[in-house]
Amino acid sequence: MATKETLQQTVRELLGDRLLVVVSNREPYIHTFSGDTIECQVPPSGLTTALDPVLRACGGTWIAHGSGDADRQTVDGQDRVAVPPDQPRYSLRRVWLSKEQEEGYYYGFANQALWPLCHISYVRPVFEERHWETYRAVNEIFADALAAEIGDQKAFAFIQDYHLALLPQLVKQRLPNVVTAQFWHIPWPNPEVFRICPWKEDILDGLLGNDLLGFHVRYHCNNFLETVNTIEAKVDYDRYEVTRRGRKSAVRPFPISVDYDEIDATARSQDVKTEMERLRHELGLDDEIVGLGLDRLDYTKGIPERLLAFGRFLNQNPKYRGKVVFIQAGVPSRTHIGEYKRLNDQIDDLVEELNWRYGSGRWKPVIYLRQHLSPTTLMALRRLARFAAVSSLHDGMNLVAKEFVASRFDEDGVLLLSPFTGAARELTDALLVNPYATDHFAQAIRFAIEMPRAERRRRMGRMRRVVQENSIYKWAADIITFLARLSPWE
Ligand code: G6P
């Protein structure tokens, strides 16, 4: 089984003196002002949740956009800060972007064009020439930062996600010997969907600068190969390889995961136990059964669908009124974009409606915590829950589901999981719920609540073994092992 220690060993053996540089848009630690003091926050991002333990174990450099308002105050002369702040293990190098750049590249092309294009959630992508131009320009900025970081050293560049689709090609133009891999953390759509993007070929060219391109599941690899097949390129379906203009790129699935051991250990800590007591008191919980939703507030996560299903459940099962509470915790995200503002309003309205319709006396069916919560509070919430609902309309993997499983060392708790997540392929002992099918979802909530302890234990036990076996260290070791075989220096 791959662990932190075996990953360290793999890296020592395979990377040797080569530099490992990770590049992403989102940074793993964000410094913000809170009055006169500076706080360090961990963002709600599957990408950073997964990669931070890898960098902690292997060391190296992580290049990312410095998005916090106190980020400039905490870097040295080379825009670097050692992280994690309490126990530095690697170096975070921040890239600065102007408001205009952030607007066009992040809020514009990445999150109004590529995000809805790659997720089937019926939000129409917006393709604006000015967003695209800024997206290109910002990818150049990241390429310059990466080239400066690497210089003439031997290096592996590990690029993350849809914000940086053009980066691999730009890096190869600057440093042809750098081995580049990219992991696409979101789904890849079928060619029929992708072809509406006016800059489809530029994006594919950018991505085909990679020596290795990874997706969570094989289905997304297949979609990618089929998309590439629509342009002039040689696609080898047996070897999962693409050759375009004489360059070869391998395409492979690597299902991402979490640091199982760390989550398991933290969940057992006294701090979490104390926090559970504090939360019970603060939220006015007696012996109600707790349901939990934990999300970044995004329209792909199926939050309104989940609340509607919980309402339907209360409607159809009056005997549970007063006995079950659903805690929805989430951090607002990308609120500069209209679609996200509308989502926030919709969730507010639904919570108000459910609490008005079904609440009585001190009991309110939904507790909505729209705020940034500490890792200890999040862990305590996972442990308080009898069931957790992950109801994404579409999701590359979804690490909230795996975090829930890893934190339940008591082998209790039921996971309700959308079949439209990558996680559903591995966590086959979850109760599958189609977020679009409200009645079915409501029945599944009742089923979860009434599931006998022995069956909860059996299912959770099996899911825990799956996550333990396929932890984030296995994901990283598999990618690094694959990359080392491609190394041009031997
Ligand atoms: C998804 C994306 C990540 C992103 C995260 C949070 O998981 O794949 O790249 O970091 O959402 O979104 P944000 O826009 O806040 O970085």
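Count residues from 1 along the sequence. First listed ligand is number 1; within each ligand, the first listed atom is number 1.
The pair D52-R89 fails the salt-bridge criterion, with no side-chain N (NZ, NE, NH1 or NH2) lying under 4.0 Å from an Asp/Glu carboxylate O. Between D429 and R462 there is a salt bridge, with a side-chain nitrogen of the basic residue lying less than 4.0 Å from a carboxylate oxygen of the acidic one. Salt bridge annotation for E339-R124: absent, with no cationic side-chain nitrogen under 4.0 angstrom from a carboxylate oxygen.
Sorted by first and then second residue, the salt bridge (charged side-chain N to carboxylate O under 4.0 Å, His left out) pairs involving residues 32-47 (not counting sequence neighbours) form an empty list. Residues in residues 158-169 take part in no salt bridge (charged side-chain N to carboxylate O under 4.0 Å, His left out) pair, two or more places apart or across chains.
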Ignoring hydrogens and angles, write down the donor-acceptor pairs under 3.5 Å from the side chains of residues 381-390, residues two or more places apart or on other chains.
from: R383; atom 1: NH1; to: A267; atom 2: O; distance (Å): 3.3
from: R386; atom 1: NH1; to: I449; atom 2: O; distance (Å): 3.1

Write 'none' if nothing qualifies; otherwise put on separate lines each N/O atom of ligand 1 with a protein N/O atom under 3.5 Å away and their distance to 0.1 Å.
from: ligand 1; atom 1: 8 (O); to: D161; atom 2: OD2; distance (Å): 2.6
from: ligand 1; atom 1: 9 (O); to: D161; atom 2: OD2; distance (Å): 2.5
from: ligand 1; atom 1: 10 (O); to: S45; atom 2: OG; distance (Å): 3.0
from: ligand 1; atom 1: 11 (O); to: R296; atom 2: NH2; distance (Å): 3.3
from: ligand 1; atom 1: 11 (O); to: R334; atom 2: NH2; distance (Å): 3.3
from: ligand 1; atom 1: 12 (O); to: R334; atom 2: NH2; distance (Å): 2.9
from: ligand 1; atom 1: 14 (O); to: Y106; atom 2: OH; distance (Å): 2.4
from: ligand 1; atom 1: 14 (O); to: R334; atom 2: NE; distance (Å): 2.9
from: ligand 1; atom 1: 14 (O); to: R334; atom 2: NH2; distance (Å): 3.1
from: ligand 1; atom 1: 15 (O); to: R26; atom 2: NE; distance (Å): 3.4
from: ligand 1; atom 1: 15 (O); to: R26; atom 2: NH2; distance (Å): 3.0
from: ligand 1; atom 1: 16 (O); to: R26; atom 2: NE; distance (Å): 2.8
from: ligand 1; atom 1: 16 (O); to: R26; atom 2: NH2; distance (Å): 3.3

